[in-house]
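Quick note: numbers below take in every heavy atom, side chains included, and nothing from hydrogens, waters or symmetry partners. In what follows, chains are A, B, ... by sequence order, proteins preceding strands, each numbered from 1. These figures come from a predicted structure and were not determined experimentally.
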There are 2 protein chains.
Amino acid sequence: MTPKVTPRPTDAELAILRTIWKLGAGTVREIHDELLADQPKIGYTTVLKLLQIMTEKGLVVRDESQRAHVYAPKESEESTQRRLVRDLLDRAFAGSATALVMQALSTRKASSEELAEIREMLDTIEGERS
Amino acid sequence: MTPKVTPRPTDAELAILRTIWKLGAGTVREIHDELLADQPKIGYTTVLKLLQIMTEKGLVVRDESQRAHVYAPKESEESTQRRLVRDLLDRAFAGSATALVMQALSTRKASSEELAEIREMLDTIEGERS
DNA sequence: CGCGAACTACGAACGTCTTCGTTGACTCTA
DNA sequence: TAGAGTCAACGAAGACGTTCGTAGTTCGCG
């Protein structure tokens, strides 16, 4: 059976998830081609195997109605990202979201628009309080 | 030789790093005791082995002047966290720091003080621009 | 029908991670 | 000085992750 809780995707699985998120959904062929467009040389059957494992783990769902199975994310991109962030928070930041946000902001430059977006988020959070 | 670039710490290694960060530095005994205070039962020699591996990898440095070697972080907590964030950014967020910050903020409630701190950070970033 | 192309499934190889038992050395003390 | 306690080093086992070759099935077409 597929496990109760979705496990954290491994590095290779995450690379595939990124591609599926980009495509929305796709066959092994489509995902493999897209993956090749990015960085490293990777075999077709490697991608197939990964997708089979990811199906067992519940990371993706498979539509078998066609000969070429179509794979789609089980959870949304956002929800997966949220779990990864929470995970990193626990493993490396002792739960301090603030510390993580600080590091994220200092890591990459964000545009003014993005900064404004973050401010809105802060307002929303503070508004919900009280 | 120790590798040029520090590799990403594994889960078990990160658990040990957290402890060392908390202690500042410590012997295997001290780190093991502290680790036991947290969650799971873990053997003394397991911690020792991990620390030896982490020394080879360059995650920690070892002072062998005493019989009980003293281990300390090679890189600061902040710099390690920054690398982990950058890593997650690349692997799961297509480099969008904003998206990561959003997820972090929505994941855990931060206090008003923390939110204010983040606002200051935003001001600083925007101030440096122009 | 018969052949080649495209597809899934399977298994094996190899590396890494995690765990711990065992061994041998040092140290303290009765 | 002998025994108990503490320590580092090593090796090996088992789980997991990643890769791909091979085999077998299905489809389309000449």
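Every residue two or more places apart in sequence or in another chain that forms a side-chain hydrogen bond (donor to acceptor under 3.5 Å, both in side chains) with A:Asp87 is listed here: A:Arg8, A:Arg91. Partners of B:Gln66 under the side-chain hydrogen bond (donor to acceptor under 3.5 Å, both in side chains) rule, at least two apart in sequence or in another chain, do not exist in this structure. Taking the side-chain hydrogen bond (donor to acceptor under 3.5 Å, both in side chains) definition, one finds that A:Arg67 meets it with nothing, sequence neighbours left out. Contacts of B:Glu113 classified as salt bridge (charged side-chain N to carboxylate O under 4.0 Å, His left out), with partners at least two apart in sequence or in another chain: none. The side-chain hydrogen bond (donor to acceptor under 3.5 Å, both in side chains) search around B:Thr10 returns B:Glu13, not counting sequence neighbours.
Rounded to 10°, the angle separating the first-five-pair axis and the last-five-pair axis of the helix from C:dC1-D:dG30 to C:dA30-D:dT1 equals 20°.
The CD1-C1' distance, from A:Ile53 to D:dC16, rounds to 10 Å in whole Å. Atom C1' of nucleotide C:dT18 and atom CE of B:Met54 are separated by 13 Å, given to the nearest angstrom. Spacing between atom CG of A:Leu36 and atom C1' of D:dT19 amounts to 14 Å, rounded to whole angstrom units. For the pair B:Gln66 CD and C:dC26 C1', the interatomic distance rounds to 13 Å; values are reported in whole Å. Atom-to-atom, CG of B:Leu51 to C1' of D:dC7 comes out at 13 Å; the value is rounded to the nearest Å.
Residue B:Thr46 places none of its side-chain N or O atoms closer than 4.0 Å to OP1 or OP2 of C:dT18.
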Across nucleotides 4-11 of chain C, 5' to 3', mark each nucleotide with B, S or - according to how protein heavy atoms within less than 4.0 Å reach it.
--BSBB-B
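In this structure the side chain of A:Pro9 never reaches within 4.5 angstrom of the side chain of A:Lys57, judged on heavy atoms.
In this structure, B:Thr55 contributes its side chain and B:Leu51 its backbone to a donor-acceptor pair below 3.5 Å. Looking only at distances, no side-chain donor or acceptor of B:Glu34 sits under 3.5 Å from a matching main-chain atom of B:Ile31. B:Thr80 contributes a side-chain N or O that, together with a main-chain N or O of B:Ser76, makes up a donor-acceptor pair within less than 3.5 Å. Formation of a donor-acceptor pair under 3.5 Å by the B:Glu117 side chain with backbone atoms of A:Thr98 is not found in this model. A donor-acceptor pair under 3.5 Å is absent between the side-chain atoms of A:Gln103 and the main chain of A:Leu100, judged by distance alone. No donor-acceptor pair under 3.5 Å is formed between the side chain of B:Thr45 and the backbone N or O of B:Leu48.
Note on A:Asp90 versus B:Arg18: no salt bridge recorded, every NZ/NE/NH1/NH2 to OD/OE distance being 4.0 Å or above.
Applying the ring pair (Phe, Tyr, Trp, His ring centres under 6.0 Å) definition to pairs two or more places apart or across chains, those involving residues 29-49 of chain B are B:His32-B:Tyr44. Sorted by first then second residue, the ring pair (Phe, Tyr, Trp, His ring centres under 6.0 Å) pairs that include residues 57-93 of chain B, not counting sequence neighbours, number zero.
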Taking only nitrogen or oxygen atoms into account, show me every contact under 3.5 Å that the protein makes with nucleotides 28-30 of chain D, one pair per line with its distance.
none

Short heteroatom pairs, N/O only, protein and nucleotides 2-4 of chain D, under 3.5 Å:
none

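Using a 4.0 Å cutoff on non-hydrogen atoms, the parts of residues 8-24 of chain A near DNA chain D are A:Thr10, A:Asp11, A:Ala12, ordered by number.
The two residues A:Ala25 and A:Glu30 make their nearest non-hydrogen contact at O-OE1, 4.3 Å.
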